[in-house]
Amino acid sequence: MKHKFNFFILTAVVVFFAMAADVFIVYQLNNYETRFLEIYGAEQDGYVKIVLDEINRLEGQGTEADITEIISSLDATASKYWTLSKGDSILFVKSVTETNRYKGFTDGTYYASETASDFMNNLGNNQVGHQIIYLDEDRFIASGMIFTWQGEQYRVCLLTYDKVVLEDNILLECRNSIIIILSMVLALLIILSMVMSRKISHQAIRLDKQEERTIWQNQQIELLDEQLKREYAFSASKHVFKNTVLDEFLSTLDEKGVYPLHFAVFETESEEARDEFFEHMQIVLDNNVLRFSMDERQILLVFVRYEKSVSDRIIESLENWNVHGVADLYCEDNMNSYKSQFDKFWKAVANQ
């Protein structure tokens with residue numbers, strides 16, 4: 001569950017980053033479009049100045065109709081057109097037909113939106129300015145100014161639909177290319193993050209399994225090590241045991257049903273002779289003979305699974321002038337426990 005949680009968290013983070021990047025890109029593209037429209041508006045201002053120069057050539061000889069004629073003679077389409085107003089009255093909008101629709105209306109009726117009204121109210125006298133405005137949810141870059149002719153103030157404006165500027169073939173191609181490339185990059189980022197997250201998740205699962213296996217192997221090694229230590233600790237060929245652990249050995253042999261057992265008691269002339277005897281036993285005895293130090297001079301050997309003739313021969317060969325046998329007991333089975341048989345035998349030895 002933990003790996004799935006990490007996988008989904010990482011993927012969610014990347015998706016969130018991609019969405020944030022997409023919002024940022026859209027925001028920057030909008031800024032780019034706005035700045036481009038601002039640049040276009042600055043160029044459009046120059047066109048309005050040229051029209052003002054044409055009107056000023058009329059001087060005092062022209063009439064208001066002449067001004068309207070100049071404005072109406074300019075190229076105009078549904079996407080780019082002129083407006084002319086005097087005071088609050090509309091004199092011309094787009095064409096003669098369109099103008100007739102607005103006869104008797106104020107320019108505030110046409111420029112009814114907040115941005116358009118703000119633009120009209122901030123026009124400068126004989127100074128062209130531009131602003132991005134909205135009319136009926138359509139965006140325009142508008143350039144205009146106030147000029148005085150024959151003592152009357154007029155407002156002249158040139159409006160260009162933003163799509164005419166922004167959907168120019170080269171500009172549109174560049175913008176679409178940017179959007180497509182960035183969208184592909186973001187999609188690739190999401191796909192790669194999902195693939196890498198899944199891969200990391202699988203690797204983490206494999207690492208956990210390997211870690212569990214390593215722990216299990218270490219536990220097995222520890223068990224084997226303990227077993228080896230235990231086997232080494234009870235290895236008859238390498239150790240001489242104290243008499244205090246004899247009962248434990250006899251009980252274990254009894255439980256496992258090991259038989260026959262042959263007990264042999266030896267006595268040495270001195271401790272030095274005992275130590276030499278133990279060293280000699282490491283050479284001549286195998287791992288099936290248990291060795292116990294009963295006291296400073298007495299030694300007990302327990303022959304496990306030996307035939308009596310064989311163990312008798314070995315017992316006899318171990319005696320020398322420093323070591324002599326005291327007594328022995330051969331137990332063919334454990335019908336009576338080895339411990340009880342040995343206790344009786346040991347009491348008999350002690351009474352000798």
Side-chain angles (χ1 to χ4, degrees), residues 33-172:
E33 292 178 355
T34 301
R35 290 298 301 160
F36 194 85
L37 290 175
E38 291 284 350
I39 294 172
Y40 183 85
E43 295 180 356
Q44 185 174 261
D45 291 348
Y47 193 24
V48 177
K49 290 180 181 178
I50 293 173
V51 173
L52 178 61
D53 292 339
E54 289 293 325
I55 294 173
N56 288 333
R57 287 195 184 97
L58 295 174
E59 295 180 348
Q61 301 176 358
T63 63
E64 189 174 277
D66 294 328
I67 297 176
T68 303
E69 184 178 353
I70 292 174
I71 299 297
S72 62
S73 66
L74 299 174
D75 294 335
T77 63
S79 301
K80 185 175 183 178
Y81 57 90
W82 294 82
T83 68
L84 178 67
S85 61
K86 181 177 71 171
D88 293 332
S89 301
I90 293 178
L91 299 180
F92 181 81
V93 176
K94 290 185 182 180
S95 63
V96 174
T97 303
E98 191 73 13
T99 300
N100 290 333
R101 292 177 54 193
Y102 288 94
K103 283 292 186 181
F105 290 94
T106 64
D107 58 1
T109 304
Y110 188 80
Y111 293 100
S113 68
E114 183 178 350
T115 55
S117 177
D118 181 66
F119 168 69
M120 293 296 287
N121 292 333
N122 292 320
L123 288 178
N125 192 14
N126 293 323
Q127 184 177 359
V128 183
H130 61 270
Q131 183 178 326
I132 297 174
I133 66 173
Y134 290 85
L135 296 176
D136 297 328
E137 298 183 357
D138 292 326
R139 186 169 63 165
F140 293 85
I141 178 68
S143 296
M145 67 176 180
I146 298 175
F147 67 93
T148 303
W149 188 74
Q150 293 184 354
E152 298 285 347
Q153 282 192 337
Y154 294 83
R155 291 188 181 91
V156 60
C157 299
L158 174 58
L159 281 68
T160 303
Y161 192 35
D162 65 339
K163 295 189 181 301
V164 175
V165 180
L166 299 177
E167 293 186 0
D168 176 83
N169 289 338
I170 297 177
L171 178 63
L172 184 62

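Basis for what follows: all heavy atoms, side chains included, without hydrogens, waters or symmetry-related copies.
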*Parallel, tilted or perpendicular for W149 and Y154, by the 30°/60° rule?*
perpendicular
_Once ring-ring contact (aromatic ring centres under 6.0 Å, His included) is applied, do any residues pair with Y47, and if so which ones, sequence neighbours excluded?_
W82
*NZ of K86 to CD1 of I67: how many Å apart, nearest 0.5 Å?*
9.0 Å
*Do E54 side-chain atoms and I70 backbone N/O form a donor-acceptor pair below 3.5 Å?*
no
*To the nearest 0.5 angstrom, please state how far the CG atom of L84 sits from the CD1 atom of I55.*
7.0 Å
*Which residues satisfy the ring-ring contact (aromatic ring centres under 6.0 Å, His included) test with Y110, sequence neighbours excluded?*
Y102
*How far apart are the closest heavy atoms of T68 and L91, and which atoms are they?*
CG2-O, 4.3 Å
*Could you tell me which non-hydrogen atom of Y81 sits nearest to which non-hydrogen atom of L158, and how far apart they are?*
O-CD1, 3.3 Å
*Do you know which two heavy atoms are closest between Q44 and A142, and how far apart they sit?*
NE2-C, 3.9 Å
*With rounding to the nearest 0.5 Å, note down the distance linking CG in L52 to CD1 in I146.*
12.0 Å
*For the student: nearest non-hydrogen atoms of G41 and S143, plus distance*: O-OG, 3.4 Å
*State which residues pass side chain to side chain donor-acceptor pair (under 3.5 Å) with N56; sequence neighbours excluded, sorted by chain then number.*
none
*So, for K80 and T160, which heavy atoms are closest and what is the spacing to 0.1 Å?*
CG-OG1, 3.7 Å
*What residue pairs, at least two apart or across chains, pass salt bridge (charged side-chain N to carboxylate O under 4.0 Å, His left out) with a residue in residues 151-160?*
D107-R155
*For T109, what residues pass the side chain to side chain contact (heavy atoms under 4.5 Å, CB included) criterion, not counting sequence neighbours?*
F105, T106
What side-chain donor-acceptor pairs closer than 3.5 Å can you find for residues 126-134, not counting sequence neighbours?
from: H130; atom 1: ND1; to: D45; atom 2: OD2; distance (Å): 2.7
from: H130; atom 1: NE2; to: E38; atom 2: O; distance (Å): 3.4
from: H130; atom 1: NE2; to: E38; atom 2: OE1; distance (Å): 3.1
from: Q131; atom 1: NE2; to: T115; atom 2: O; distance (Å): 3.4

*Any side-chain heavy-atom pair from Y111 and S85 closer than 4.5 angstrom?*
no
*Name all residues meeting the side chain to side chain contact (heavy atoms under 4.5 Å, CB included) criterion together with S73; count only those two or more places apart in sequence or in a different chain, and write none if there are none.*
none
*Heavy-atom distance under 4.5 Å between the side chains of I71 and V51, does that happen here?*
yes
*Applying side chain to side chain contact (heavy atoms under 4.5 Å, CB included), run through N125 and T148 and close with a yes or a no.*
CA-CA 8 Å; N125 192 14; T148 303; 3.9 Å; yes
*asked:* Restricting to side chain to side chain donor-acceptor pair (under 3.5 Å), what partner residues turn up for D136, sequence neighbours left out?
replied: none
*Residue pair S113 / L135: nearest heavy atoms and the distance that separates them*: OG-CD2, 4.2 Å
_By ring-ring contact (aromatic ring centres under 6.0 Å, His included) - contacts of F119 (at least two apart)_ = none
*Taking C-beta and beyond as the side chain, do D162 and L37 meet within less than 4.5 Å on heavy atoms?*
yes
*To the nearest 0.5 angstrom, please state how far the CG atom of L159 sits from the CZ atom of F140.*
6.0 Å
*Check salt bridge (Lys or Arg N to Asp or Glu O under 4.0 Å) between E43 and all other residues, then give those that pass, not counting sequence neighbours.*
none
*asked:* According to side chain to side chain contact (heavy atoms under 4.5 Å, CB included), who are the partners of N100, at least two apart in sequence or on a separate chain?
replied: V96, K103
*Among all residues two or more places apart in sequence or in another chain, which pass the side chain to side chain donor-acceptor pair (under 3.5 Å) test with K49?*
none
